[in-house]
There are 2 protein chains.
Amino acid sequence: MANVIDKAACRFKLMASHDAMEVIQGKWRIPIIISVSFGNKRFGEIRKDIADISPKILSQELKALEMNQIISRTLFDSMPVTVEYALTPLGKSLKPLLDEVLKWGLHFRKQVVK
Amino acid sequence: MANVIDKAACRFKLMASHDAMEVIQGKWRIPIIISVSFGNKRFGEIRKDIADISPKILSQELKALEMNQIISRTLFDSMPVTVEYALTPLGKSLKPLLDEVLKWGLHFRKQVVK
DNA sequence: GTAACTAGTTTCCAATAGGTAACTAGTATA
DNA sequence: TATACTAGTTACCTATTGGAAACTAGTTAC
């Protein structure tokens with residue numbers, strides 16, 4: 001590292017990227033956000049979108065995303081009870097990031113071949 | 001999910017984002033990439049940048065990044081032997097993604113207050 | 001009464017990630 | 001001979017993540 005300015009810039013970037021990754025990291029967070037971004041979603045609909053996710057994990061990850069204010073949970077007193085998950089404004093603000101993740105994922109696949 | 005087109009688009013996004021996250025996920029990948037992005041780096045220099053990383057983990061993560069063609073490893077026959085890690089073109093292509101991660105991390109910190 | 005639909009929860013287990021401490025190997029210096 | 005520098009490795013342990021299977025609760029239709 002060349003100098004003190006670089007050192008400070010480096011630590012600053014380390015901190016900001018850590019904050020972001022804490023929210024989107026894990027096997028299921030991004031898949032859930034993508035699924036919900038296609039419109040308001042019910043629990044069972046998200047399960048169908050993301051094959052292989054168990055109800056326990058889905059429930060747990062939805063709670064985490066709700067705590068981080070990425071998605072909202074709305075309960076409807078219909079019969080039977082239904083619940084709708086939707087992106088909050090903060091959740092919607094993830095779009096540019098997710099677009100880059102997507103774009104780079106395709107680039108990587110082209111380059112490294114799988 | 002409204003229709004067949006959405007379903008296909010959703011699955012496509014799920015796949016691409018999964019590929020990208022496989023590469024950058026984990027506690028240390030992004031910190032290492034950021035550190036190396038500040039110029040070619042020796043093993044000990046990266047250790048100093050990222051306080052708390054153990055040599056075992058750094059070695060292991062550098063290997064993984066090298067396998068994914070994100071960084072290159074160059075050995076110099078100096079005395080004592082030195083090694084330089086640098087971003088490959090594929091590694092450098094991560095810049096827009098990392099910039100968005102950073103940007104969103106700052107936005108999140110402002111919104112959610114920590 | 002029984003099955004089915006909604007949205008989960010509970011228990012118990014396996015796999016992966018991460019971490020600590022000590023050690024290795026080659027060379028140079030005091 | 002002892003110490004230090006380079007760049008790691010090794011063994012062992014803990015913590016977090018992820019997962020399968022069964023179960024819960026409220027309501028409706030057959």
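Lettering follows sequence order; numbering is per chain, from 1.
Taking 4.0 angstrom as the limit, B:Ser59 places a side-chain polar atom (N or O) nearer than this to OP1 or OP2 of D:dT9.
Between A:Trp28 and B:Glu84, it is B:Glu84 whose nearest contact on DNA chain D lies nearer the 5' terminus. Nucleotides of DNA chain C nearest to A:Phe43 and B:Lys27 differ in position, and the one nearer the 5' end is that of A:Phe43.
Atom CD in B:Gln60 sits roughly 18 Å away from atom P in D:dC12 (whole-Å rounding). With rounding to whole Å, B:Arg42 atom CZ is found 5 Å from D:dA7 atom P. Separating the CG atom of B:Asp77 from the C1' atom of D:dC5 is a distance of 16 Å, rounded to the nearest angstrom. Rounded to whole angstrom, the span from the CD1 atom of B:Ile57 across to the P atom of D:dA15 amounts to 15 Å. Regarding B:Glu61, its CD atom lies at a distance of 18 Å from the P atom of D:dA7, rounded to whole Å. Atom CG in B:Leu58 sits roughly 14 Å away from atom P in D:dT6 (whole-Å rounding). Look at CG on B:Asp52: it is 12 Å from C1' on C:dG18, rounded to the nearest Å. To the nearest angstrom, P of C:dC5 lies 10 Å from NZ of A:Lys48.
Look at A:Lys63 and A:Glu66 and you find no salt bridge, because none of the NZ, NE, NH1 or NH2 atoms lies under 4.0 Å from a carboxylate O. Ion pairing between a basic and an acidic side chain is recognised when a charged N comes within 4.0 Å of a carboxylate O; A:Lys95 and A:Asp99 show such pairing.
Rounded to the nearest 0.5 Å, atoms CE (A:Met21) and CZ (A:Arg29) are 11.0 Å apart.
Across all strands shown, B:Arg73 has heavy atoms under 4.0 Å from sugar-phosphate atoms exclusively, and none from any base. Residue A:Phe76 is classed as having no contact, given no heavy-atom separation below 4.0 Å to the nucleic acid.
Listed here is the closest heavy atom pair of A:Pro31 and B:Leu14: CA-CD1, 3.8 Å.
Under a hydrophobic clustering in which Ile, Leu, Val, Met, Phe, Trp and Tyr are joined whenever their side-chain heavy atoms come within less than 4.5 Å, directly or via other members, B:Leu65 and B:Ile50 fall into the same cluster.
In this structure, the nucleotide among C:dT9, C:dG8, D:dG8 sitting nearest to the side chain of B:Tyr85 is D:dG8. Residue B:Pro80 places its side chain closer to D:dT6 than to any other of D:dT6, D:dA22, C:dA21.
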